[in-house]
Colleague: 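The structure that follows is given in the form of structure tokens.
Chain letters run A, B, ... following the sequence lines, proteins first and then strands; every chain starts at 1.
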Amino acid sequence: MNTVSVQIIVNGTLYAKEIEPRMTLVDFLRDELGLTGTHVGCEHGVCGACSILLNDEPIRSCCIFAVQADGMAVTTVEGLALGRGQLSKIQDAFCEKHALQCGYCTPGMLIACHDLIKHTPHPSAEEVREAISGNICRCTGYQQIVDAVLYATDPKGATHE
Amino acid sequence: MKAAAFDYVRADNLEHALGILDEAGSEAKLIAGGQSLVPMMAMRFARPSLLVDINRLEELKKISQDEQTVRVGACVRQRDIEFNYSLGRTAPLLKKALSWVGHSQTRNRGTIGGSLVYADPSAELPLASLVLGASMHLQSDAAGLREVEAADFFLGPMFTAISETECLVAIDLPIWHGQRIGSAFTEVSMRRGDFAMASAACQLQTNDDGSLRRISFGVGGVNSTPIVFPQIAQRMIDKPLTPGFAKEVAAEVAKECDPGSDTHVSSRFRRSLAGTLLARVMLEALEDSMLNGASK
């Protein structure tokens with residue numbers, strides 16, 4: 001079995017591992033690093049559950065081999081909040097607005113919404129729907145997810161930081 | 001759903017990548033954004049024994065332009081084209097097509113070249129490249145560089161004129177000059193970002209009196225490759241594009257389509273959809289051309 005060495009920064013920590021080239025980045029995060037916040041859904045780029053940030057851009061971690069991310073920086077859902085036991089604004093809004101039921105799509109949804117509000121601090125409902133169009137949720141009908149993002153980004157609701 | 005084992009090489013430069021391809025032949029496969037190839041490998045429809053990664057080759061990521069042509073490197077990310085200001089002016093149809101390609105997460109990785117060489121019959125970028133009259137620059141170790149027109153490049157579903165030792169290095173898009181140029185792209189799919197049941201694209205330019213000076217259009221998802229209709233387009237020159245005329249032409253195009261049926265869409269519906277979408281993009285492009293009085 002051929003292996004390759006990779007060094008990948010995940011949520012600010014540098015990890016060096018020997019892996020098979022065929023290992024996808026999501027399997028690397030979950031199986032090698034034990035970061036099981038990122039979920040594996042369809043494994044062929046359709047469901048969005050495995051979304052992560054690679055060098056600060058949202059991508060699907062099932063559609064890239066870990067070896068390709070050598071030398072790059074990954075942020076997973078575990079890295080969205082500032083500290084342990086804390087929630088980011090968007091994570092908090094997901095709780096407030098019941099934007100999850102089973103939670104399977106949630107890490108991907110959070111990554112997609114996190115990226116949306118980074119570029120569009122006060123999105124319209126339509127912009128939120130476009131931003132999460134690549135993520136499948138079978139529980140919420142998407143409405144509460146849209147509500148959560150609008151709640152988190154409401155310019156009048158700045159008090160719930 | 002795990003890819004079969006393979007060896008991996010990250011190419012240092014284009015020469016290195018082409019050298020490996022030349023030696024390994026059909027055993028090796030180039031990987032760029034991987035947004036089609038990685039799923040294909042996960043499902044084991046593709047099982048290359050050697051993967052040559054060209055993602056970090058800066059020479060394939062350049063965008064340049066002269067008076068006549070804008071040249072886009074094959075490894076330019078779809079997302080980078082989407083937000084490129086000068087491409088928005090020189091090749092607006094490309095940008096419009098891209099908003100229908102997958103999702104932001106896939107466009108952040110997916111490249112223009114990858115989508116073209118994958119050649120899905122319903123994919124947006126092959127259709128846009130045909131409508132724009134793009135030409136593909138293919139390079140190999142043995143044969144050097146050659147240029148293939150988009151019209152000769154797409155040969156069938158997932159099948160192009162590229163040989164297994166060649167790499168698509170750049171795409172040339174002719175720049176349309178003058179005023180009153182308009183373009184439009186639309187499609188219908190089961191779900192946002194899915195492959196289209198049918199798609200249509202149009203770019204046109206009008207004369208001072210509103211008649212057509214130039215027009216190019218095509219449909220995707222209905223035949224084994226996207227198709228354009230240069231003869232029909234030629235006959236439209238100097239005529240005004242009325243809604244009735246657009247529908248007439250679209251109906252003629254729809255007759256020439258030969259779509260298949262699947263679980264979701266019958267052949268008849270797909271053909272009718274292609275005609276409807278084509279009439280729509282023609283009129284949208286006309287409207288767009290009226291907004292573009294200023295010189296490009």
Side-chain angles (χ1 to χ4, degrees), chain A residues 1-6 19-27 31 40-72 108-109 111-113 115-116 118-120 126-127 129-136 142, chain B residues 1-11 28-57 75 77-80 82-83 99-111 114 118 189-195:
Chain A
M1 186 177 77
N2 291 329
T3 60
V4 285
S5 317
V6 293
I19 55 164
E20 269 194 277
R22 65 168 165 165
M23 176 175 270
T24 58
L25 184 54
V26 67
D27 285 343
D31 302 344
V40 200
C42 68
E43 290 197 292
H44 64 283
V46 174
C47 76
C50 68
S51 299
I52 54 138
L53 301 176
L54 182 68
N55 286 355
D56 253 356
E57 289 179 340
I59 65 149
R60 300 192 158 157
S61 58
C62 75
C63 286
I64 175 173
F65 295 111
V67 59
Q68 297 185 273
D70 184 29
M72 296 189 186
M109 286 289 180
I111 293 286
C113 297
D115 184 65
L116 168 70
K118 189 171 79 187
H119 298 289
T120 314
E126 200 184 325
E127 284 170 322
R129 287 184 184 279
E130 171 66 32
I132 61 171
S133 67
N135 298 68
I136 294 177
Y142 305 98
Chain B
M1 292 290 286
K2 307 286 179 197
F6 56 84
D7 287 323
Y8 172 88
V9 180
R10 184 177 302 139
K29 194 114 185 97
L30 295 177
I31 185 165
Q35 299 304 287
S36 307
L37 183 58
V38 177
M40 291 291 275
M41 289 174 68
M43 292 185 269
R44 304 211 176 180
F45 291 134
R47 20 186 340 167
S49 56
L50 176 64
L51 215 50
V52 184
D53 191 343
I54 54 171
N55 268 288
R56 300 191 192 192
L57 303 188
C75 271
R77 307 265 177 222
Q78 292 160 3
R79 201 79 171 142
D80 291 334
E82 213 178 331
F83 293 107
S99 70
W100 297 92
V101 177
H103 307 281
S104 63
Q105 294 105 317
T106 59
R107 295 197 294 271
N108 272 330
R109 288 293 300 166
T111 62
Y118 186 62
S189 58
M190 289 295 286
R191 195 173 71 99
R192 186 89 178 100
D194 278 3
F195 282 112

Colleague: Classify the side-chain pair B/Q105/A/D115 by whether it contains a donor and acceptor separated by less than 3.5 Å.
Modeller: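 A/D115 and B/Q105 do not have a side-chain donor-acceptor pair below 3.5 Å.
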Colleague: Between SG of A/C63 and CD of B/Q35, what distance do you get to the nearest 0.5 Å?
Modeller: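 Interatomic distance, A/C63 SG to B/Q35 CD, rounded to 0.5 Å: 5.0 Å.
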Colleague: Determine the minimum heavy-atom distance between B/Y8 and A/P21, stating which atoms define it.
Modeller: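 Of all heavy-atom pairs spanning B/Y8 and A/P21, the closest is CB-CB, 3.7 Å.
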Colleague: Under 4.5 Å heavy-atom distance to chain A, tell me which part of B/M43 shows up: side chain, backbone, both or neither.
Modeller: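 Interface part for B/M43: side chain.
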Colleague: Any salt bridge between B/K2 and A/E43, counting N to O under 4.0 Å?
Modeller: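 A/E43 and B/K2: salt-bridged.
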Colleague: From A/E130 CD over to B/S99 OG, what is the distance, rounded to the nearest 0.5 angstrom?
Modeller: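 Going from the CD atom of A/E130 to the OG atom of B/S99 covers 7.5 Å.
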Colleague: In terms of heavy-atom contacts, does CE of B/M190 have more than 12 from other residues, nucleotides or ligands at under 6.0 Å?
Modeller: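 Open.
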Colleague: Side chain from CB out, backbone as N, CA, C, O: work out which of these in A/S133 comes under 4.5 Å of a heavy atom of chain B, or both, or neither.
Modeller: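 Answer is both: backbone and side chain atoms of A/S133 are under 4.5 Å from chain B.
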Colleague: At a heavy-atom distance under 4.5 Å, which candidate from A/D70, A/V4, A/T24 has the highest pair count against chain B?
Modeller: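 Top count of heavy-atom pairs under 4.5 Å with chain B: A/D70.
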Colleague: Do side-chain atoms of B/R56 reach the backbone of A/Q68 as a donor and acceptor pair under 3.5 angstrom?
Modeller: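 Judged by distance alone, yes, a pair lies under 3.5 Å.
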Colleague: So for A/L54, is it side chain, backbone, both, or neither that comes closer than 4.5 Å to the heavy atoms of chain B?
Modeller: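 A/L54 touches chain B through side-chain heavy atoms alone.
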Colleague: Roughly how far, to the nearest 0.5 Å, is the CG atom of B/N55 from the CD1 atom of A/I64?
Modeller: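 Going from CD1 on A/I64 over to CG on B/N55, the span is 7.5 Å.
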Colleague: Side-chain contact, heavy-atom cut-off 4.5 Å: B/R191 with A/V46?
Modeller: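 The answer is yes; the side chains approach within 4.5 Å.
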Colleague: Using a 3.5 Å distance criterion without hydrogens, assess whether the side chain of A/R22 forms a donor-acceptor pair with backbone atoms of B/M41.
Modeller: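 The answer is no, because no donor-acceptor pair under 3.5 Å joins these two groups.
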Colleague: I'd like to check B/V38 versus A/R60 (side-chain heavy atoms, cut-off strictly below 4.5 Å). Are they in contact?
Modeller: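 Answer no - side chains too far apart.
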Colleague: Using non-hydrogen atoms only, which part of B/L51 is less than 4.5 Å away from chain A: side chain, backbone, both, or neither?
Modeller: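 For B/L51, side-chain heavy atoms alone lie under 4.5 Å from chain A.
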Colleague: Using modelled atom types only, decide if a donor and an acceptor are shared between the side chain of A/N2 and the backbone of B/D7 within a distance under 3.5 Å.
Modeller: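 Judged by distance alone, no pair lies under 3.5 Å.
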Colleague: Rounded to the nearest 0.5 Å, how far apart are CZ of A/F65 and CG of B/D53?
Modeller: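 Rounded to the nearest 0.5 Å, the CZ-CG separation comes to 10.0 Å.
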Colleague: Side chain, backbone, both or neither: which part of A/V40 has a non-hydrogen atom closer than 4.5 Å to chain B?
Modeller: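 A/V40 has no heavy atom closer than 4.5 Å to chain B.
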Colleague: Counting only heavy atoms closer than 4.5 Å, note whether A/D27 contacts chain B via side chain, backbone, both or neither.
Modeller: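 Just its side chain gets close to chain B.
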Colleague: Identify whether the distance between the nearest side-chain nitrogen and carboxylate oxygen of A/E57 and B/R79 falls below 4.0 Å.
Modeller: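 Result for this pair is no, no salt bridge flagged.
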Colleague: Between B/A42 and chain A, which part of the residue has a heavy atom less than 4.5 Å away: side chain, backbone, both or neither?
Modeller: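 When you check distances to chain A, only side chain atoms of B/A42 fall under 4.5 Å.
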Colleague: Checking heavy atoms, do the side chain of B/R192, its backbone, both or neither come under 4.5 Å from chain A?
Modeller: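 Both backbone and side chain of B/R192 come within 4.5 Å of chain A.
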